[in-house]
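Contents: one structure, followed by commentary.
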Amino acid sequence: MGNHGLLEKRVQVVAGVDLGGTAINYTLINKEERFLIENLCEHPALTKQGPEVCLQQIDDGLKIAAKLAGVELSDIVAVGLDTPGPASSAGVLSMRGSTNFAHDAWKGFDIREGMAHKLNKPVTYLNDANAGALWGHFSIFGANSKETSISIVIGTGTGGGVIIEGNVLKGRVGFGGELGHALIPYQRIAGIEGMEPHCNCGRVGDLESLASLTSIAKTLLPYFLTKYPGHELSKDSDINHAAKMVRGLADKGDEMCKEIFRVQAHALGLFFDCMVNTFDPDAFIVGGGVLEASPAFGKWFLDEIKVGMPPQREEQLDIPIYAMPNGDTAGARGAAIEALTMARATGLI
Ligand SMILES: [Zn+2]
């Protein structure tokens with residue numbers, strides 16, 4: 001490239017593309033780490049129709065996103081992609097397929113390479129949970145950080161990621177930061193005697209089996225309803241529907257529903273304790289539905305995580321626990337930051 005005068009003036013941006021089950025979400029970030037699209041920029045995802053149709057959709061949507069941000073397609077020097085797993089750290093989708101990539105042609109498909117070829121630009125890859133974690137990390141430390149953070153996002157399942165000294169831990173075969181399936185000593189949590197929290201992965205007592213929406217429907221709500229006979233949620237014949245009511249009721253002060261979230265917070269406390277001793281991190285970051293309730297409830301929940309942690313060394317008592325911002329755009333933003341880091345490291349930007 002060199003120091004050509006014209007190049008100096010060129011706008012250079014990096015795109016983030018979050019490919020989900022039904023929608024592709026875009027963002028653009030410039031060299032100054034400013035996002036050029038404030039809100040959601042979505043385009044329908046046609047993953048079920050296979051790679052060819054889907055990659056065309058991504059390409060079409062990127063043109064729309066560039067226009068929205070007021071840049072040319074040629075100004076985009078690199079693209080960060082994130083998708084749901086399972087996929088290798090290099091972006092090769094699992095041979096076993098997945099809910100999102102059900103079409104046969106996706107099996108073992110190198111989606112990173114496929115997109116690089118389609119867009120004719122360098123592409124980085126992260127799974128969606130790790131992209132979300134990188135966004136959480138960036139929102140606190142910026143893109144040039146050397147800090148270490150552990151993120152947990154509580155949704156239907158439990159996602160998360162580990163950022164070590166500014167870099168995403170992807171792992172040997174792409175399962176780095178798969179924190180939801182780490183076992184925790186849940187028997188230490190008060191008030192759940194006799195509970196057997198089963199996870200969909202087959203384990204008993206991992207983080208997701210206690211700290212996810214699925215765990216509320218599957219384990220926590222049925223368990224606590226036996227302790228609170230006559231509770232209004234016992235009248236709901238659809239347990240999945242009732243589970244979705246728990247957060248709102250807890251936010252309003254319902255005792256049983258608050259107990260359910262206390263157990264979730266204490267499960268996180270036990271998990272974070274393990275992370276304190278493994279990584280001595282600069283921060284914990286928590287995102288997901290629980291923090292989309294009232295600010296007071298969010299604060300109570302984060303405080304309760306600390307209550308659930310076993311005693312810490314004095315030097316580590318002050319490791320902060322932050323709330324993760326912007327749930328909807330987290331994946332695209334994290335993917336963009338990964339691409340920005342690559343673009344800087346390789347001199348593209
Ligand atoms: Zn599990």
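If you're wondering where the values come from, they're calculated on a predicted model, not measured in any experiment. Every number for a ligand or one of its atoms is a count from 1 in the order of the listing. Along the sequence shown, residues are numbered consecutively beginning with 1.
At the Zn ion (ligand 1), the angle from SG in C199 to SG in C201 is 110° when rounded to 10°.
Results of the side chain to side chain donor-acceptor pair (under 3.5 Å) test with K118 over E52, Q56, E113 single out Q56 as the only residue that passes. Shown are T83, D82, D110, N130; of these, the side chain to side chain donor-acceptor pair (under 3.5 Å) with Y125 is made only by T83.
With respect to the Zn ion (ligand 1), H181 has ND1 as its nearest N, O or S atom. When the N, O or S atoms of D206 are ranked by distance to the Zn ion (ligand 1), OD2 comes first.
Between the side chain of K218 and the backbone N or O of P197 there is no donor-acceptor pair closer than 3.5 Å.
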Query - Check against side-chain contact (heavy atoms from CB on, under 4.5 Å), Q264 and L210 - result: CA-CA 6 Å; Q264 299 214 326; L210 286 153; 6.0 Å; no
